[in-house]
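Please read the structure below before turning to the comments.
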Amino acid sequence: MANSKITEMTIDEIKVLITEVVDERLRDWWQKSRDTRSTDEVLSAMDRLRWTPPSGSPTTTELLREERDR
């Protein structure tokens, strides 16, 4: 940017400045948020975090039918 004061900038120059700042922040966010785990690590984490309801628990369909019948 040739001008250092925003009051001296044109609308087009301000739009370019805003675009540059947004692009920079998106690039920074993308680099920080990337998951570097391997596929095996992700699948292993999914297995560890998965919750299985106890046997004999009603299914989601059964729960919905009970709620509907109330």
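Heads up: numbering here begins at 1 and tracks the sequence.
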Subject >> For I18, the option from I14, V16, V21 that meets side-chain contact (heavy atoms from CB on, under 4.5 Å) >> reply: I14

Subject >> Inter- and intrachain pairs under side chain to side chain donor-acceptor pair (under 3.5 Å), touching residues 25-37, at least two apart >> reply: D35-R37

Do any side-chain atoms of residues 60-70 form donor-acceptor pairs under 3.5 angstrom with protein atoms, and if so which ones, sequence neighbours left out?
residue	atom	partner	partner atom	Å
E62	OE1	T59	N	2.7
E67	OE1	R70	NH2	3.1

Original post:
If every non-hydrogen atom of R50 is compared with every non-hydrogen atom of D47, which pair is closest and at what distance?
Top reply: NH1-OD1, 3.2 Å

Subject >> For the student: nearest non-hydrogen atoms of E13 and E8, plus distance >> reply: OE1-O, 4.3 Å

Subject >> L49 atom CG, over 12 foreign heavy atoms within 6.0 Å >> reply: yes

**OP:** Could you tell me which residues satisfy salt bridge (Lys or Arg N to Asp or Glu O under 4.0 Å) with R48, sequence neighbours excluded, listed by chain and number?
**Re:** none

Original post:
Quick one: does S57's side chain have a donor or acceptor within less than 3.5 Å of a partner on P53's backbone?
Top reply: no

Original post:
Would L17 end up clustered with V22 when hydrophobic side chains under 4.5 Å apart are linked, directly or stepwise?
Top reply: yes

